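Structure first, then comments.
Remember, predicted model here, so these are calculated numbers, not experimental data.
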Amino acid sequence: IFHDGLSDVHRQQVVNASKNRIWFAYVDDYLKVPEFIMEDPSRKAALEEIKWSLGYRGMCRFRSGTIFLQPVLKKFEYAMTLDTDGYFPAEVSSDPIAAMHE
C-alpha cells in the first residue's frame, strides 16, 4: 500500500482486516510539481487555474508513471490500484491478476 503518511494505528487496522500479507511503502514526493512546469512562468501561473487539487494531480502523475519506478515493485509483474473511495460491490470470486495474466 503506497501512502503519504498513514498512521501506525491505521496501518495496523489494515493488517488486522486482511487475511493477506500487506506491504506499506511511504511516498514522499508525489506532490512535487515537475521542474519544466515550475520554470515556465505561463505554466506555473496555470497551476492556479486547474480545477483539480495538487494532491489529485500528484496521485494521477504517480499512478501514470513514477509508481513503476518504485523499488518495492521491482519483483512484481503485476500491480493493481484502488482509490480510498473505491470498493468491490460484491465478493471477488476469482483472482483479477490471474485473469490478466491469462
Side-chain angles (χ1 to χ4, degrees):
I1 296 176
F2 292 105
H3 68 94
D4 64 340
L6 200 59
S7 72
D8 291 342
V9 170
H10 287 122
R11 286 195 306 258
Q12 191 59 52
Q13 287 175 333
V14 171
V15 169
N16 292 343
S18 178
K19 296 176 187 174
N20 301 303
R21 184 173 176 191
I22 305 288
W23 291 273
F24 294 95
Y26 179 73
V27 179
D28 62 352
D29 64 348
Y30 81 102
L31 292 176
K32 185 178 178 200
V33 177
E35 295 280 334
F36 75 91
I37 293 175
M38 298 308 289
E39 292 171 353
D40 181 330
S42 62
R43 287 183 177 180
K44 187 175 179 179
L47 288 175
E48 301 301 320
E49 299 170 10
I50 299 171
K51 70 177 183 176
W52 293 284
S53 71
L54 183 62
Y56 180 77
R57 288 180 280 162
M59 181 264 312
C60 291
R61 190 169 44 257
F62 176 74
R63 287 186 177 179
S64 66
T66 59
I67 190 172
F68 302 105
L69 304 174
Q70 295 295 314
V72 297
L73 289 183
K74 290 205 182 295
K75 293 184 179 183
F76 293 91
E77 291 184 51
Y78 300 94
M80 184 172 87
T81 65
L82 186 65
D83 285 341
T84 55
D85 60 349
Y87 64 94
F88 296 105
E91 184 175 332
V92 179
S93 59
S94 62
D95 184 343
I97 302 296
M100 286 189 290
H101 182 75
E102 293 170 359

### Message
Is it the case that the ring center of Trp23 lies less than 6.0 angstrom away from the ring center of Phe76?
### Response
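Yes, ring centres under 6.0 Å apart.
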
### Task
State, yes or no, whether a side-chain contact exists between Phe62 and Val27 at a heavy-atom distance under 4.5 Å.
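Heavy-atom side-chain distance check passes, below 4.5 Å.
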
Report all side-chain donor-acceptor pairs from residues 40-47 shorter than 3.5 Å, counting only partners two or more places apart or in another chain.
residue: Asp40; atom: OD1; partner: Ser42; partner atom: N; Å: 3.0
residue: Asp40; atom: OD1; partner: Ser42; partner atom: OG; Å: 2.7
residue: Asp40; atom: OD1; partner: Arg43; partner atom: N; Å: 3.4

### Message
Please check if the number of heavy atoms outside Phe24 that lie under 6.0 Å from its CZ is greater than 12.
### Response
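Atom CZ in Phe24 is packed in, count exceeds 12.
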
### Task
For Arg63, check salt bridge (Lys or Arg N to Asp or Glu O under 4.0 Å) against everything at least two apart and list the hits.
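With sequence neighbours excluded, Arg63 shows a salt bridge (Lys or Arg N to Asp or Glu O under 4.0 Å) to Asp83, given in chain and number order.
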
Say you draw a straight line from [atom1] of [X] to [atom2] of [Y]; how long is it, rounded to the nearest 0.5 Å?
| X | Y | atom1 | atom2 | answer |
| --- | --- | --- | --- | --- |
| Leu82 | Ile1 | CG | CD1 | 10.0 Å |
| Phe68 | Leu73 | CZ | CG | 8.5 Å |
| Ile67 | Met59 | CD1 | CE | 10.5 Å |

### Query
Among all residues two or more places apart in sequence or in another chain, which pass the ring pair (Phe, Tyr, Trp, His ring centres under 6.0 Å) test with Tyr26?
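Only His3 meet the ring pair (Phe, Tyr, Trp, His ring centres under 6.0 Å) criterion with Tyr26.
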
Return the set of residues passing side chain to side chain contact (heavy atoms under 4.5 Å, CB included) with [X] (not counting sequence neighbours), or none when no residue passes.
| X | result |
| --- | --- |
| Ile50 | Trp52, Arg57 |
| Ser18 | Asn20, Ile22 |
| Glu77 | none |
| Pro89 | Tyr87 |

Can you give the donor-acceptor pairs under 3.5 Å from side chains of residues 8-16 to other protein atoms, not counting sequence neighbours?
residue: Asp8; atom: OD1; partner: Arg11; partner atom: NH2; Å: 2.1
residue: His10; atom: ND1; partner: Ser7; partner atom: OG; Å: 2.9
residue: Arg11; atom: NH1; partner: Leu6; partner atom: O; Å: 2.6
residue: Gln12; atom: NE2; partner: Asn16; partner atom: OD1; Å: 2.8
residue: Asn16; atom: ND2; partner: Gln12; partner atom: O; Å: 3.3

### Query
Looking only at heavy atoms, which two atoms of Val33 and Met38 are closest? And how far apart?
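That closest heavy-atom pairing would be CG1-SD, 3.6 Å.
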
### Query
Who else is in Leu69's hydrophobic cluster (ILVMFWY, side-chain heavy atoms under 4.5 Å, direct or via others)?
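Once heavy-atom contacts under 4.5 Å are chained together, Leu69 still belongs with nothing else.
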
Can I get a per-line list of side-chain donor-acceptor pairs under 3.5 Å for residues 93-102, giving both atom names and the distance, sequence neighbours left out?
residue: Asp95; atom: OD1; partner: Ile97; partner atom: N; Å: 2.9
residue: Asp95; atom: OD1; partner: Ala98; partner atom: N; Å: 3.3
residue: His101; atom: ND1; partner: Tyr78; partner atom: OH; Å: 2.7

### Task
Name all pairs fulfilling the salt bridge (charged side-chain N to carboxylate O under 4.0 Å, His left out) condition that reach into residues 66-76, sequence neighbours left out, sorted by first residue then second.
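Found none.
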
